[in-house]
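These notes concern the structure reproduced below.
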Amino acid sequence: MKLATTLLHSIPTDPLTGAISVPIYQTSTFVQEAPGVNKGFDYARSNNPTRKVLEDLVAVLEGGSNGFAFASGLAAIDAVVKLLEAGDEILAVDDIYGGAFRQFTHIFQKFGIKVTYADTTKVENVIDAITPKTKLIWLESPTNPTLKISDIREIAKIAQSNNCLLCVDNTFASPIGQNPIKLGADLVIHSATKYLAGHSDLIAGIVVAKTPELGEKIKFIQNACGAILGPFDSWLTIRGIETLPLRFERHSKSAQQIAEFLTTVDCIKNVYYPGLIDHQNFEVAVNQQTQFGGVIAFDLHEDSAELATEVVCFTKLFKLAESLGGAKSLLCHPATMTHKSIPREKRYQSGVTDSLIRLSVGLEDAEDLIEELRNVFKTIGEKVKKVNQTTTQN
Ligand SMILES: *Cc1c(COP(=O)(O)O)cnc(C)c1O
């Protein structure tokens, strides 16, 4: 069976009533017949039937053995890092999600876990940076916001031969665009807040483990630390996932069209999208991803934060907000929003210039989105021309 079919039919109908929609088990505990004799559920932190449907579903989607649902993407990351011990090291992608960087730096370093960063788009850099103490390699591919791609297959081989785990944050590709476990990773995490739930209406996180042994360890951490996803948000995430293949295809198709349009706009300097042939890691992207998702970034020849601010305040269909992966299109200005706390020089090293803008292409008609962008750049283009004329006259 193909994925869209497998996905829908991995969501069981309710064995008790035949309800086709998964019931929301809004309960904290389960009545037992005798001590320890129960129907597979005893206390809802440890296990909840609604959450379990979601957890089993994401394991199927990613091709892993066990899935786990957490209260947020960051709670999912937290659970994976807790596999480590004091003295262990993490080798992480340098272009990492800001929240993961903050957690590694301000929470885990004080418990004796050291984190080093490398540009993992070049496999040699991983080989150079790995040490006998490295117990976890942390990748994001594509990264945020400049969509850099790392070769998951090659880095999985390095991890394996160095006896260390590979975890991939697969938020940007979704399980429809890429399955890191099938490429050799040991663990996958998602901010389910984004494509999985898909409607900008909740915060959730997922961990998928490749093997039952790793799954058991994550299960222990999930129960011991307790950052579980509640039954209602689990239900909403299941409902979101039912349409994920359709949505992701539309996000990807529209984003490809928009990215190609952006490359024709005069005032735009760089367009970052893995589906563009001149993307710096295009070959690797095509090798490991089937679709490229709805996130695009671009910057302007006139590298000015003011001009970028005008663009993001001008659009009506693209709403100004952080986050991505929802039905409605969003855009943001990383330099003053998501990447504000990163020093300017470090920001520039990863391509996040003052004029960089990130789009999350939603499910609107792509032609309408392109029309809006065309109007923005016409207005901006005229403004830049006028400014340049005045400066030459003076
Ligand atoms: C949003 C995001 C996270 C964090 O997820 P939350 O659900 O906001 O906690 C982690 N990684 C990536 C790539 C993200 O985009």
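Sequence positions, counted from 1, serve as the residue numbers for this chain. Every number for a ligand or one of its atoms is a count from 1 in the order of the listing.
In the model, Trp235 has a side-chain atom that pairs as donor or acceptor with a side-chain atom of Ser21 under 3.5 Å.
Looking only at protein heavy atoms, the nearest one to atom 2 (C) of ligand 1 is Lys194 NZ, 2.6 Å. Scanning the protein for heavy atoms near atom 7 (O) of ligand 1, the closest one is Thr193 OG1, 2.7 Å. The protein non-hydrogen atom at the shortest distance from atom 4 (C) of ligand 1 is Tyr97 CE2, 3.4 Å. Summary of contacts: the protein heavy atom closest to atom 11 (N) of ligand 1 is Asp169 OD2, 2.7 Å. Distance from atom 5 (O) of ligand 1 to its nearest protein heavy atom, with residue and atom name: Ser191 OG, 3.0 Å.
Those atoms of ligand 1 that come under 4.0 Å of a heavy atom in Phe172, given as number and element, are 13 (C), 15 (O).
Geometrically, Lys346 engages Phe101 in a cation-pi contact defined by less than 6.0 Å to the ring centre and at most 45° from the axis.
Remark: side-chain polar atoms of Gln256 are paired, donor with acceptor, to backbone N or O of Gly275 under 3.5 angstrom. Without hydrogens or angle criteria, Arg358 side chain to Asn144 main chain gives no donor-acceptor distance under 3.5 Å. Between the side chain of Gln291 and the backbone N or O of Gly293, no donor-acceptor pair lies under 3.5 Å.
Annotation: Leu74 places an N or O atom under 3.5 Å from an N or O atom of ligand 1; distance criterion only. Inclusion of Gly73 in the set of residues having an N or O under 3.5 Å from an N or O of ligand 1 is warranted.
Only the backbone of Ala204 comes within 4.0 Å of ligand 1, judged by heavy-atom distances. Of all the heavy atoms of Thr171, the ones lying under 4.0 Å from any atom of ligand 1 belong exclusively to the side chain.
Ring centroid separation for the pair His190 and Tyr195 does not come in under the 6.0 Å cut-off. Here the two rings, on Phe232 and Tyr25, have centers that are 6.0 Å apart or farther.
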